[in-house]
Amino acid sequence: MDNDSQKNAVETFTRFLESKGLRKTSERFAILEKVWSMQVHFDVETLYNELERDAYHVSRATVYNTIDLLMECGLLRKHQFNSQPAQYEVALGSHFHLVCTQCGKVKEVEADEVISQVMSRRYTAFTPAYVSAYLYGLCSSCIRQNKKKIKPTK
Ligand SMILES: [Zn+2]
Ligand SMILES: [Zn+2]
């Protein structure tokens, strides 16, 4: 993640907290920084553990609360893949998620053409902001495993 996007995120978050009359605590900004350093989707528990590993002690409540604030000001997106706990990612660009229905693995793919098509359409009384799409199916290792399972035994 580049520095510019993080700098913008900090500015957005600062303005948001000010507009809401919320305190600009160092915890909130430390969590934002950590979120920006996460390379993949993460759940709240993973984020909490990462902060602990950095010896940055915040309460779970603060982590949950800050995630909610980051969602509210549009810096984070929430995903629900299968029955996994909610996953988050920073709100940059649009991509598709290929979700394996068997093992739950999630892969991201670019789909610029489809996305720009969907985004440039006109919608009645609606202005789109971004595209979030899930494609459900089977990953290659699950397909391989399933083939092994149905192989007839001698
Ligand atoms: Zn799989
Ligand atoms: Zn994603």
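Every heavy atom of this structure was used, including side-chain atoms; hydrogens, water molecules and symmetry mates were not. Counting starts at 1 for both ligands and their atoms, following the listed order.
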For the Zn ion (ligand 1), which protein N/O/S atoms are closer than 2.8 Å?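 As for protein N, O or S atoms lying under 2.8 Å from the Zn ion (ligand 1), they are C100 SG, C103 SG, C139 SG, C142 SG.
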Expected output: side-chain [X] to main-chain [Y] donor-acceptor under 3.5 Å:
X	Y	value
T66	I31	no
R28	R23	yes
S94	V131	yes
E11	R15	no
T46	F42	no

To the nearest 0.5 Å, what is the distance between OG on S132 and NZ on K78?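 NZ of K78 is found 13.0 Å from OG of S132.
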How many protein N, O or S atoms sit closer than 2.8 Å to the Zn ion (ligand 2)?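 N, O or S atoms of the protein closer than 2.8 Å: 6.
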Given H41, which of H79, E108, Q87 fulfils the side-chain hydrogen bond (donor to acceptor under 3.5 Å, both in side chains) condition? E108
Report the C-alpha distance between F16 and K20 in whole Å, list the side-chain angles of each, state the deciding distance to 0.1 Å, and finish with yes or no for side chain to side chain contact (heavy atoms under 4.5 Å, CB included). CA-CA 6 Å; F16 172 79; K20 292 262 163 184; 3.8 Å; yes
What orientation do Y136 and Y134 show, parallel under 30°, tilted 30 to 60°, or perpendicular over 60°?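 Rings of Y136 and Y134: perpendicular, as their planes differ by over 60°.
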